[in-house]
> 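Quick one: the structure is below, and I'll ask about it shortly.
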Amino acid sequence: MSSHPMTSRPLYFIILSFLFTFFPSCGGSSIALAQAEPIDIATTQMIPDSEQVVVEPVTSLIAADHKYDDGGMIDLSWVPSIDDQLVASRVIGYKVYRIEDEGEPEMISELAPGSNTYNDQSVERGKLYSYFVSTLSINAETPSVRTAPIEPQREWLNYELLNVLIMALVLGGAVIYFIETARRGKKLFVRKIAGLEAVDEAIGRATEMGRPILFIPGILDMDDVQTLAALTILGRVARIIADYDTKIFMPVSRSLVMTAGRETIKASYQAAGRPDAYSDDMVTYITDEQFGYVAAVDGIMVREKPATCFLLGAFFAESLILAETGNSVGAIQIAGTARPAQLPFFIAACDFTLIGEELFAASAYLSGEPKQMGSLKGQDVGKAIAMAAILIGILTVTIGDAWNVEWIQNITTGLVDVFSTR
Amino acid sequence: MFVIQYFIPHYPFNRMSHWFSDWFAIILACAIVLGALNLMKISIQKVIKKKPGWGYAVVIIASFLLITIIGLSEGEGFREPGTWFDWLYVYVYTPCSSTMFAILGFFVASASYRAFRARNFEATLLLLAAFFVMIGRVPVGDIISGFMPEGARLSNLASWIMTFPQTAGQRAIMIGIALGIVSTSLRVILGIERAHLAGE
Amino acid sequence: MEHFALWLGGFLTLGIFSFLYKDNPWYKLTEAIYVGISAGYFVVVYFWDNFYSKFWVGVFPHKRLNEAGELVAGVEPDYWLIIGGVLGLLMLMRLLPKVGWISRWPLAFIVGATAGLWLINYFASFVMVQIQNTVTPLFGADYNASLFVIVGNIVVAVGTFTGLIYFFFSKEHKGAFGSAARVGIFFLMITFGASFGYTVMSRMSLLIGRIDFLFGDWLGMIR
Amino acid sequence: MSTKAKEILALALIFAFSLIFYIGKVLGWGAVRFSTTVSLIVILLVALSLLWILILTIRGHLVERRIVFLYVGIAVALPLFMTLSQRIAISPEVEAVYNTLEGLPEGSKVLVSFDYDPPSAPELQPMAEAFLYYCFEHDLKVIMMGLWPQGPMQANMAIEKVLSDEKIKSKNLKYGEDYVNLGFQAGYEFVIQRMGSDFRSMFPTDYRGTPYEQIPLVKNVKNFSNIDYCFNLSSGFPGTREWVQIAVDRYGVTLGAGNTAVQAPQMYPFMRAGQLVGLLGGMVGAAEFEFLTKWIGKGTKFMISQSFAHVIVIAFIIIGNVAFFRSERKTGLKR
């Protein structure tokens, strides 16, 4: 199971912060400095027969609202106790206390020696919080002074990520602009993509030989863009297949992909004017399990001997097993994935391979619609920006570092800032 | 439908992605019923019509029912060691999946045998890179090149290839992929690409 | 039981390996067992993890009672989950031929949300970060980098640049542009060759592990 | 004889073979070992047959896939039975682990974290065994734990293996006094974080359910400051990176690690920065470490299998190219 792909869930977390980030408010920032208002906390855990080790408290404790969030965080920072040393330290840690709306102090976290920040994520808007940090020795605890009460704020726009927003808008704008241009009838050139030139030929070959076509849409679910791309290609391929009257078979490893695949093929057959030739049996679910699915598909390949295999979508370790088996039964194989780790195997074992971005370009390319071609042109703008940034960046950073020219170094810093995500 | 698609990603809520993953999980739980029923339907059809290989279809049905019934009846703690479900997992599921994975060892060899031929310049590069990295990563490599100065030994060459040209290629691919995804997503959101939605 | 388990493991392992020779009844039997078990496994896991733990417990949280029978800590039910439940139910409508079309709704929801979620995420974490990482000085400030590293840095820069040229769709690969794209392909090929060679090792160790099971754990021929 | 009959015969032979050896195992026969001479002869035979295939190829008979499979099988399986001493060059990373261990006085407390699961066991298990063997042999006290659920089970398997060694058996080591397995704790890197202040809060009991304060070995172990050396076996997240970032950077632990071959290269920066004292990378690392600790485990054998497999793959690449050039000369260029 360790080889099984991780679902994209952790990514949602990033997204979460992202969506958030963009949603605005302009709360004033409030910083509460510690005031001289000592708190009495009884020293804890007296150990008999040993002298109490009293350590110095932390200083300059600052509680500040966390920037660009929903108002659920407060950042604390302080200067560690002077007894907190790397070697032979008398400090064994810190405790962070919080006082909510002038209530009782409550210990919210224990930190390691050397810590000088804490991020309290369990605060609510509309309440006042003040904090103090106490320094722990082996048998005693020294509290710091207490901060003034502070209320967490909500901001509506994360200005730190403004550059990402702008870049995304530039790219999105480019794509939309070229789609519009194409829609108005301007002809756009798109270079040949070898694997896609072969699609017609591959389907024709299956027809001649009277053998089926196998379509494998990867092993991830509908929440992966590669699967979407594979299904859009399936739409075009199925259209041609319907015209040729060849058999298509699509074993899948996800129930949702099964449903979506059926819809796609059905639509293509309808568009080709042959809805009667469609049957639900063209798409079969096998199992969600990576290698169980592969075992079954291998069996199908050997028994049905397809003339053509499409392996398009998200693949993991199974890529080579499928491609080698397909190769051994003499099928023409057109593969494509955006998983860099699996591309070498497809290159080695398949006749044509759509490398990374080509997979996403494929459906646009196959459709031949100007609108879709326009989006490809938009992608190219993105690449041009990336290339320019790399070129300028490397030149300036090299020159700037080698000859220590400050203004050139500033260009680099600016450039890197434009592309930094945090 | 278009409106749903358009608005969801921009819906200004921090809970949004949480919800999405929760909802998605629930939809999946329902959808797998469809998948499982489909698998059963096809297997049962095979058995009834006595198509070739119907005996294996019986095995599929039997093993499917076995683990499902055990798993559902054992309650929430179905995964704890000592349950029957766990037994099936450890002694049936695991050997199968790790063997299937291990088969790759064979396929890696046969694929290299067939594919790594110096057909043209590109293929030669592919071959050479694979060759040096492969041999540079076992002790044999350093025994062969032991006479060379430290920096030019095969293991160092292998790691140089991995660190530099490999990184360059990966980076180009990654940037391309990301742009491709952005553009595909945009096409879906703008409703230009609707093949998966029965072309409404 | 232990004997049986070991023999079962051996039987299944050899059954799958027999596929390398050719498709045969032994493999077919193993395949059928494997497919049945793994499909059932996922039904069970989805039921308990997704449907039960997430949906059912989420909407109807366990009431925790202490020994005296008083309610201790009630988790707030999360009614938003019901939307997911409804979407799931719509999905199941597919079973009824007449209203099967309605299952397109949850599908559209997933496709739309996926597209939206990945859009910015991918952009930020791949395009931006990769560009940022590529911007490094070719040689260090004090010229102390070794020749290997300097050459390497130049190679990374050139490789990334030409690799991107290869992916250009809207310009024909001709002339200087074409040559650059060709250099790009060369880099891609080296990349693929290297990652292939790199992977051989880990694949082989998996195989070794399996063979060790056969001769060691099962037949006890290796200590 | 027809193909079918041959296949049935082959099946029967496999079955008989398995049955005989299984009965042998139950009856307690020893392991099968080839002596060095036999091993060399076997290698020679394999090499000769490869040469024969090369000659066949030059003559124009292309071998099929199944022959390749057969050779890979042979290359992986046979070395497991062989007695071969491979000249092993000890890399500085591995030596660093060994030297640190050597510097520990008797009775030092060593914490070993098992952060992997069965699929990575071929690479990491031999390291674990060699490591435990060294610790037990030199009277170091071992505290085991896992950040991966299956980790502690791997630990138990390694312990069992090492304790069955004659030399270690005679030491009469006691659970709870000489070694202890604290089990798995969920929480990824936060487990390490909490252990920084208090082990017991993270592991109230060991994996057998014995309360922490009743285990003599760890009774007085409060946090990392009572641990002399930390060793981490990792195949992913959470693993070595997290140990470095928390245990080393924040609590100043001395840390060594064993990693899978895929993961190891990412750890070199930590090595260079001195945050990681020693690293065993993949099977090569395991083999080198076994050589140093003189524990005759599977790492060395697996390593020979690995080398053989690589050589076979490379041999077939060469054969494939020979075939290609030959066909090109004959038929002109074709794709």
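Numbered from 1 within each chain, the chains take letters A, B, ... in sequence-line order.
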> Sort B:V33 into side chain, backbone, both or neither according to what part of it lies under 4.5 angstrom from a heavy atom of chain C.
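For B:V33, side-chain heavy atoms alone lie under 4.5 Å from chain C.
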> If you take all heavy atoms of C:V156 and B:A168, which pair is closest and at what distance?
O-CB, 3.5 Å
> Heavy-atom distances under 4.5 Å only: say whether C:I110 touches chain B with side chain, backbone, both or neither.
both
> Please list, one pair per line, the donor and acceptor atoms closer than 3.5 Å that link side chains of residues 37-47 of chain B to other protein atoms, with sequence neighbours excluded.
unit_1: B:N38; atom_1: OD1; unit_2: A:Y285; atom_2: N; d: 3.0
unit_1: B:S43; atom_1: OG; unit_2: B:L39; atom_2: O; d: 2.8

> Is C:F167 in contact with chain B via its backbone, its side chain, both, or neither, using a 4.5 Å heavy-atom distance?
side chain
> Who among C:T199, C:L188, C:L92, C:L95 has the most heavy-atom pairs with chain B under 4.5 Å?
C:L92
> Quick one, B:I173 with C:F192, criterion side-chain contact (heavy atoms from CB on, under 4.5 Å). Give me CA distance, side-chain angles, the key distance, then yes/no.
CA-CA 11 Å; B:I173 295 173; C:F192 295 143; 3.7 Å; yes
> Taking side chain as everything from C-beta outward and backbone as N, CA, C, O, which of these in C:V158 sits under 4.5 Å from a heavy atom of chain B? Side chain, backbone, both or neither.
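Neither part; nothing is under 4.5 Å.
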> Using non-hydrogen atoms and a 4.5 Å limit, figure out which bit of B:F107 sits close to chain C: side chain, backbone, both or neither.
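Contact with chain C involves the side chain of B:F107 alone.
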> So which part of C:I185 gets closer than 4.5 Å to some heavy atom of chain B, the side chain, the backbone, both or neither?
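Contact with chain B involves the side chain of C:I185 alone.
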> What I'd like to find out is whether the side chain of B:V108 reaches to under 4.5 Å of the side chain of C:F196, using heavy atoms alone.
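Yes, their side chains come closer than 4.5 Å.
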> Please state whether the side chain, the backbone, both or neither of C:L81 comes within less than 4.5 Å of a heavy atom of chain B.
both
> Test your reading of the model: is there a side-chain donor-acceptor pair from C:W48 to the backbone of B:G71, 3.5 Å cut-off?
yes
> Taking C:I83, C:L8, C:I154 one by one, which has the highest count of heavy-atom pairs under 4.5 Å against chain B?
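Of C:I83, C:L8, C:I154, C:I83 has the most heavy-atom pairs under 4.5 Å with chain B.
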> Begin with the C-alpha distance, continue with both residues' side-chain angles, and end with the deciding distance and a verdict on side-chain contact (heavy atoms from CB on, under 4.5 Å) for C:Y34 and B:S97.
CA-CA 8 Å; C:Y34 188 17; B:S97 60; 3.1 Å; yes
> Under 4.5 Å from any heavy atom of chain C, what part of B:F85 do you find: side chain, backbone, both or neither?
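Contact with chain C is through the side chain of B:F85 alone.
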> Among C:D49, C:L89, C:V86, who wins on heavy-atom pairs under 4.5 Å with chain B?
C:D49
> Quick one: pull up OG in C:S38 and CD1 in B:I60 and give me the separation to the nearest 0.5 Å.
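Reported to 0.5 Å precision, the distance equals 9.5 Å.
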> Write down the atom of C:G40, the atom of B:F64, and the distance for their closest heavy-atom approach.
N-CD1, 3.4 Å
> Once you measure the plane-to-plane angle for C:F17 and B:F106, does it fall in the parallel (<30°), tilted (30-60°) or perpendicular (>60°) bin?
perpendicular
> Report the option among C:S205, C:P25, C:G10 that has the most heavy-atom pairs separated by less than 4.5 Å from atoms of chain B.
C:P25
> How many angstroms lie between atom CD1 of C:I33 and atom OG of B:S63, to the nearest 0.5 angstrom?
6.5 Å
> For the residue pair B:E122 and C:R182, what are the closest heavy atoms and their distance?
OE2-NH1, 3.1 Å
> Give me the atom names and distance for the closest heavy-atom approach of C:R203 to B:L104.
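Shortest heavy-atom separation between C:R203 and B:L104 comes out as NE-CD1, 3.3 Å.
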> Using a cut-off of under 4.5 Å for heavy-atom pairs, which of B:I161, B:T167, B:L34 has the most such pairs with chain C?
B:L34
> Under a 4.5 Å heavy-atom cut-off, does chain B meet the side chain of C:F55, its backbone, both or neither?
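Interface part for C:F55: both.
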> Picking from C:G15, C:G88, C:G152, which has the most non-hydrogen pairs under 4.5 angstrom with chain B?
C:G152
> Looking at B:G105 and C:L207, what are the two nearest heavy atoms and their distance?
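Scanning both residues completely, I find the closest heavy atoms to be CA-CD2, 4.1 Å.
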> Can you tell me which portion of C:F11 sits under 4.5 Å from chain B's heavy atoms? Options are side chain, backbone, both or neither.
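Neither part; nothing is under 4.5 Å.
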> The criterion is side chain to side chain contact (heavy atoms under 4.5 Å, CB included); which residues satisfy it with C:I16, sequence neighbours excluded?
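Here the qualifying residues are B:C96, B:T99, B:M100, B:I103, C:T30.
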> Which one of B:A130, B:A57, B:G55, B:G169 has the most heavy-atom pairs closer than 4.5 Å to chain C?
B:A130
> Quick one: CE on C:M91 to CD1 on B:I32, what's the gap to the nearest 0.5 Å?
12.0 Å
> State, to 0.1 Å, how close B:A29 and C:Y46 come at their nearest heavy-atom pair, and which atoms those are.
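For B:A29 versus C:Y46, the nearest heavy atoms are CB-O, 3.9 Å.
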> I'd like to know whether CH2 of C:W56 has more than 12 heavy-atom contacts from other residues, nucleotides or ligands below 6.0 angstrom.
no
> Quick one: sort the B:Y89 and C:Y41 rings into parallel, tilted or perpendicular, breaks at 30° and 60°.
parallel
> Pick whichever of C:R210, C:M189, C:R94 has the most heavy-atom pairs under 4.5 Å with chain B.
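If we count pairs closer than 4.5 Å to chain B, C:R210 comes out on top.
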> Side-chain contact test, heavy atoms from C-beta onward, threshold under 4.5 Å: evaluate it for B:Y91 versus C:L6 and give yes or no.
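They are not in contact (no side-chain heavy atoms under 4.5 Å apart), so the answer is no.
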